[in-house]
Amino acid sequence: MTSPRFRIAPSPTGYFHVGGARTALFNWALARRLGGTFVLRIEDTDAERNRPEWTEGIIEALAWIGIHSDDPHFEGPYFQSEYAEQHVEMARGLVASGHAYYCDMTAADIEERNKAEGTQGYRGWSRDRGLEAGPGRALRFRVPEGTTLVRDKVRGDVEFDNSLIEDFVLLRGNGSPMFLLANVVDDITMRISHVLRAEEHLPNTPKQQMLWEAFGHEPPVWAHLPLLVNDQRKKISKRRDKVALEQYREEGILPEAMVNYLMTLGWAPKGDVEIQPWTQMEADFRLEDVNHSPAFFDLKKLAAFNGEYIRAMSPEQFLEACRPWLFGPDAPFPAERFDERVFLAMAPVIQPRCTMLADAPGVVDFLFLADPVLDAEAWAKAVAVPENVAVLRDCIAGFEGLAAWTADELKSVMESAAATHGLKAGKAQAPVRVAVTGRTVGPPLFESLELLGRDETLRRLRVAEATIG
RNA sequence: GCCCCCAUCGUCUAGCGGCCUAGGACAUCACCCUUUCAAGGUGACGGCACGGGUUCGAAUCCCGUUGGGGGUGCCA
């Protein structure tokens, strides 16, 4: 028994598609669980379109979702364009065996003839002309009569009437191989045993299967996965939708959350629990359990998954994960003012407030800013009520006299100030919060003040107070 | 046009003939908790597209209708 070989064959488009990521994950789960191999093949018959940096991007994206190129189950990358000679050679072999023939009709010729005869498509016109190879002559596959039965692991048996499939081109007039041919030849030579791909390829599968058979091989196990669609139920595309995996990473989606979410599209983890570790899903994943209907890629649900994963992290893990946004060019505060210990102390209250890692700096920016910008509108509203101003002044006085600068002490100062002016604690803290953090919402106030320190807190309060007319 | 696929709450799904007065998750709404905002807790809302069969019994099997999607290149 030879071990199973799976493959993922993205085209080098400069980004890695989320749909491709899910396909990769499904392949990966099976390759690892069954002790098989995951083959990465960069598919484009045209070497010109194959840029090295794009391949690097694909490998990086795969690594991000846990598919590492140094894993023993990983093989590749292979570049389809490098095997062109082999594709051509194999195709030519089909002429001798009667499975293919040369044709000199151009697209215009075909159109013209169809117009004249009132027909559609290429109707095998050059089948029996016995043309030799020559410039401008394409090589076409002689589709046999009968039917082709595709046994699909997720769809079941699908039967196609061969008479509805035209004699498709294998080699162009200039001699270069077509994608379909290259695909099959590569799958055969790389001994691929399982072809998992998106459902859009199902209608072309009989052509591929006929090729496998013409080459004298048993077709692989086919498995066509449900499409990923947008809110309009259309196949997600680069033009309309956010499809690049890289974009999600840049926004601060955790790879674990992305992997977990992607796995729930078209397949469901065992039990009623959707949030599950990869090891569990790898052990449970079965092709037979994959759905048949298209799945909507729901950003909101992805964000919810991400929030769950963020909350499950330790402060240290959270800090590490946040680094790119804490120190990146878009960081809201200068790197030298950032204090790891303060961030770590705040982590447990930052985490529940983030759905994306990119949200994190904004939650605690006031702690690391020399002068947080005051939201003018929020401030005006906070000090519009005389009682609020009174509480603010009481707090400044009370904070000044505090023996111990702790959250508890700060809280009791606020509580008694609020009580003396007949305010609820919730309302009373608004002016202090806005004065110190610049905003009306944010993490727990007194804990923040404790970390900010007595001097800086008082300084900000006094600066703000001075603006009251 | 022709071919193929699909059809359970708004969304992702569980269900593979009786455990279903259809379960979970996201979203939405309400309440609770609470120093704001979150998070958390409790609950509510909400679905088997339609019509025929088969069966003692159908979300589950069959046929049809409707609806949606995909494919049909000398693109990949």
Side-chain angles (χ1 to χ4, degrees), chain A residues 9-13 43-46 49 80 103 105-107 110 120-122 136-140 150 152 155-156 158-161 163-166 168-180 182-183 198-207 224 226-227 229 231-235 261 264-275 288-289 291-305 307-308 310-311 348-355 363 407 410-411 414-415 418 424-430 432-434 437 439-448:
Chain A
S11 45
T13 43
E43 286 199 338
D44 202 312
T45 53
D46 184 354
R49 285 196 294 263
Q80 185 161 68
C103 170
M105 290 178 78
T106 64
I110 294 168
Q120 272 190 322
Y122 178 74
R137 292 182 176 177
L139 184 70
R140 287 182 180 269
V150 172
D152 189 291
R155 314 256 148 203
V158 187
E159 198 173 30
F160 295 87
D161 183 349
S163 68
L164 267 11
I165 301 171
E166 64 181 36
F168 51 96
V169 172
L170 262 18
L171 257 26
R172 296 186 183 88
N174 67 11
S176 65
M178 290 286 287
F179 159 76
L180 205 78
N183 205 292
E199 199 215 304
E200 57 192 309
H201 295 286
L202 185 56
N204 282 323
T205 305
K207 293 182 189 171
H224 289 90
L227 241 33
V229 298
D231 55 352
Q232 287 155 88
R233 304 251 112 210
K234 295 252 185 356
K235 184 172 78 170
Y261 177 63
T264 68
L265 261 25
W267 179 74
K270 295 269 165 274
D272 269 344
V273 187
E274 286 185 322
I275 304 284
E288 292 77 1
D289 299 332
N291 267 158
H292 297 183
S293 31
F296 169 52
F297 189 84
D298 187 355
L299 279 334
K300 277 191 175 171
K301 190 150 179 176
L302 206 214
F305 270 47
E308 289 249 13
I310 286 178
R311 273 170 256 131
V349 300
I350 305 171
Q351 287 168 251
R353 268 160 261 257
C354 297
T355 54
V363 177
L410 291 159
K411 188 182 177 193
M414 170 68 74
E415 279 170 348
K424 286 240 170 119
K427 289 239 173 210
Q429 51 101 51
V432 175
R433 176 179 289 281
V434 178
T437 73
R439 283 185 294 263
T440 180
V441 298
L445 184 58
F446 308 109
E447 289 74 2
S448 302

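Throughout, a chain's letter reflects where its sequence line sits, starting with A, and its residues are numbered from 1. Only heavy atoms go into these numbers, but all of them, side chains included; no hydrogens, no water, no symmetry mates.
- In the interface, the side chain of A:E274 is paired with the base of B:G24 through a donor and an acceptor atom under 3.5 Å apart.
- Atom pair A:E200:CD and B:C6:C1' shows a separation of 15 Å (rounding to whole Å applied).
- Residue A:V158 places its side chain closer to B:C4 than to any other of B:U36, B:A14, B:C4.
- Note on ring orientation: taking the six-membered ring where Trp is involved, the planes of A:F305 and A:Y261 are perpendicular (angle over 60°, cut-offs 30° and 60°).
- The pairing partner recorded for B:A59 is none, the criterion being a Watson-Crick or G-U wobble arrangement whose two distances lie under 3.5 angstrom.
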Polar atom pairs between nucleotides 38-42 of chain B and protein, under 3.5 Å, N or O only, would you list them?
| from | atom 1 | to | atom 2 | distance (Å) |
| --- | --- | --- | --- | --- |
| B:A38 | O2' | A:P352 | O | 2.5 |
| B:A39 | O3' | A:R311 | NH1 | 3.2 |
| B:G40 | OP1 | A:R311 | NH1 | 3.0 |

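- Set against B:C3, B:A14, B:A27, the side chain of A:A268 has B:A14 as its closest nucleotide.
- Closest to the A:R155 side chain, of the nucleotides B:C5, B:C2, B:G73, is B:C5.
- In this structure, the nucleotide among B:G70, B:A7, B:C3 sitting nearest to the side chain of A:K235 is B:G70.
- Among the nucleotides B:C37, B:U13, B:C26, the one closest to any side-chain atom of A:A304 is B:C26.
- A donor N or O paired with an acceptor N or O is found under 3.5 Å between the base of B:A25 and the side-chain atoms of A:K301.
- Using Watson-Crick or G-U wobble geometry with both donor-acceptor distances under 3.5 Å, B:G1 finds its partner in B:U72.
- Of the candidates B:C3, B:G71, B:A76, the closest approach to any side-chain atom of A:D44 belongs to B:A76.
- The partner of B:G10, taking Watson-Crick or G-U wobble pairs whose two distances both stay under 3.5 Å, is B:C26.
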